[in-house]
Enquirer: 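Sharing a structure, written as structure tokens. Questions coming.
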Amino acid sequence: MKIKMNNRDHWEPVMESRFLEIDETDQLLQNNEGDHNDVDPVSYEEAWKTIGYGKFHVLLLALCGWAVSSDAIEVLSVSFMLPSAQCDLHLSSTDKGWLNSIIFVGMMVGGYFWGSLADRVGRRAVLMGSLTVNGLGGLVSSTSQVFWLFLIMRFISGIGVGGSIPVIFSYYTEFLPKFRRGTMISALATFWMMGNIIASGLAWLVIPHPELGYYSSGFKYNSWRIFIAICTFPSLSSAFLFMFMPESPKFFLTKHDEARALDSLRTVHRMNHGNKAFLIKRLILTTEREEVESEDKRNLRCMENMKSIVHQTQKLFGRSLRRTTIIMLIINFTLSFGYYGLWMWFPEIFSRVEKYGGSPCSHAEVNTTGTNTTTGCNPIPENWVFFEGFMTALSNLPGNLFTIVMMDRIGRKPLLAISMVISGGTVFLLPVVKTKLQNLLISCMFGAVTTVGWNAIDVLQAELFPTAVRSTAFGVQSGIGRIAAILGNMVFGSLVDIHCAIPMIMVASLLCLGGLSAIRLPNTTGKDIH
């Protein structure tokens, strides 16, 4: 403790332990300029009141949103190309099942690996790496002439997708003032819908044109391959543009690098306010300081990446975070199982109603989307397939608009709980509808309501976990979601031909369970992130 004299000739203590440590070089420079330790430090959240919200945040939303769209495009593109690729790659029903699931396997691996790495080396570097892996994997897959190579490349692409999804939300959140956090994270989540619309629109524009491409006796690059190649542009361009963005200042603070944290904040301030003076001289991480210091000491003792990953994950199940982590795992599992397990089977449901009429559960026959290639091969799907995909993509729009407006008014937890229960109720209606139009309306309702749940859970995941483990938490939660998506597709495919009401009731029940579990989460609306 040191003592300084104030202007009234009174002695008052000033605790140096409030300040983040600075290196010796910076200390010498500061001694030459004056004792900057006498300047009151500003907390990270208070700093954003000075910096405000401006041009930088608009640019940040656009770039992070473009990256989110690239992930959606990569995930959804496979469903549009499968009917056309069936002939070229000689796909059986089992092969199609693997292609539907393999990207989720890659995302499960990538979410855990990239998320933990981002807590060690930084958000921006990991984003550039994961987006590049995503794009290159997809680009190489478009040239694949055999099934096994195409499958491997889609797995690699999935590893990239699984990394960018959790890290992009951590990166974006750490640049936001708390008074705008809920609304702007909801706005970022809407870009998944944009990716959905872009993917369905591109498929509609490109795939039905067999005259496009290059054909020879040993190599074929036709319309569906061109579609896959075009779908890699968003991820590769996002990786390039992140080169010009600053690293998260909050990440630097967790590493005791106050100077670089101030540099990042200074960059944001310059873009928001031009040449206006940047008055923040010292920066602290408020009540999280001691926890971060001990975390840094433990990280310095970790000599291998795997030890650090295990350590980060163990912390999620420590006394302070165990309950939140388990509840969020339940919610992620039930929402992913229900959403992906049903969403990818909507074309099958529509096909049965189109062919036979009545309820999709009135006819117990082998599913039409997995017909054996020996029965004939139609390389160009009907236009209604693309129309259905486009309309279900558009159905996300009202849900996204609703969450942007209401996220900070109603709160994250109520929106998540209500949306999951209502979406479960819509699934109960599917076995009893009678016409194709009714099926389309129910599927659009399901898409709109579940979008509210996805947006709410994105915000909660960003706010419930401390900075030091936030990306790891995103990775773990995303990993359990990918497992659920794989299981959802397998279970639905196994049970749909026994009677399609069985998997639908299962999906509906799990969605309701997840919604009720959300009630036990803490409220984060309007509170500081740790």
Side-chain angles (χ1 to χ4, degrees), residues 71-72 75-76 78-79 97-109 111-112 158 161-162 165-166 192 196 325-349 367 369 392 396 399 416-431 442-443 445-458 460-461 474-521:
D71 293 331
V75 171
L76 300 169
V78 174
S79 62
W98 273 103
L99 284 176
N100 276 330
S101 300
I102 197 65
I103 195 165
F104 295 110
V105 177
M107 290 168 70
M108 180 177 63
V109 175
Y112 191 76
V161 174
I165 287 177
W192 185 273
N196 196 344
T325 299
I326 292 174
I327 294 175
M328 289 296 289
L329 286 173
I330 293 172
I331 295 171
N332 270 283
F333 182 90
T334 54
L335 184 57
S336 297
F337 186 101
Y339 178 81
Y340 289 109
L342 178 61
W343 191 267
M344 298 185 72
W345 284 92
F346 271 142
E348 165 65 11
I349 294 171
N367 79 68
T369 59
T392 52
N396 293 330
L416 176 60
I418 294 171
S419 66
M420 290 189 69
V421 172
I422 294 177
S423 64
T426 62
V427 178
F428 274 117
L429 297 176
L430 275 173
I442 291 296
S443 67
M445 184 184 300
F446 178 81
V449 175
T450 51
T451 297
V452 176
W454 283 117
N455 291 350
I457 203 172
D458 286 338
L460 280 168
Q461 287 183 156
F474 263 112
V476 172
Q477 299 291 338
S478 297
I480 200 68
R482 305 317 162 203
I483 293 174
I486 295 168
L487 292 176
N489 277 286
M490 292 181 175
V491 170
F492 207 99
S494 299
L495 299 178
V496 69
D497 293 319
I498 299 174
H499 198 288
C500 78
I502 298 175
M504 288 181 185
I505 292 174
M506 181 182 298
V507 165
S509 300
L510 286 173
L511 287 171
C512 291
L513 172 64
L516 295 175
S517 299
I519 298 175
R520 305 293 295 173
L521 289 172

Enquirer: In Å, rounded to the nearest 0.5 Å, how long is the span from CZ of R520 to CD1 of I330?
Expert: 11.5 Å
Enquirer: Identify the two heavy atoms, one from I442 and one from T426, that lie closest to each other, and give their separation to 0.1 Å.
Expert: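 So the minimum-distance heavy-atom pair works out to CG2-O, 3.7 Å.
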Enquirer: Flag the pair L511 / F428 as yes when at least one side-chain heavy-atom distance between them is below 4.5 Å, and no otherwise.
Expert: no
Enquirer: Using 0.5 Å steps for rounding, measure from the CG atom of N196 to the CG atom of N396.
Expert: 5.5 Å
Enquirer: Can you measure from CZ (F333) to CG (L510) and round to the nearest 0.5 angstrom?
Expert: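 Answer for the CZ-CG pair, F333 versus L510, is 7.0 Å.
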Enquirer: Supply the atom-to-atom distance I327 CD1 to L460 CG, rounded to the nearest 0.5 angstrom.
Expert: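 Between atom CD1 of I327 and atom CG of L460 there are 11.0 Å.
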Enquirer: Closest approach of Q477 and L329, non-hydrogen atoms and distance?
Expert: OE1-N, 3.3 Å
Enquirer: Which heavy atom in G515 sits nearest to a heavy atom in A417, and how many Å separate them?
Expert: O-CB, 3.2 Å
Enquirer: From the options I103, V105, V109, select the one residue that forms a side-chain contact (heavy atoms from CB on, under 4.5 Å) with M107.
Expert: I103
Enquirer: Nearest heavy-atom pair of S423 and F446: which atoms, and what distance?
Expert: O-CD1, 3.9 Å
Enquirer: To the closest 0.5 Å, what do you measure between OH (Y340) and OG1 (T450)?
Expert: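 Rounded to the nearest 0.5 Å, the OH-OG1 separation comes out at 9.5 Å.
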Enquirer: Minimum heavy-atom separation for A508 and G424, please, with both atom names.
Expert: CB-O, 3.2 Å
Enquirer: Might you point out which heavy atoms bring G514 and T334 nearest each other, and give the distance in Å?
Expert: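 Looks like CA-OG1, 3.3 Å.
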Enquirer: Distance check, rounded to the nearest 0.5 Å: L430 atom CG versus I505 atom CD1?
Expert: 11.5 Å
Enquirer: Between V452, L416, L521, which is the residue that forms a side-chain contact (heavy atoms from CB on, under 4.5 Å) with I457?
Expert: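 Passing option: L416.
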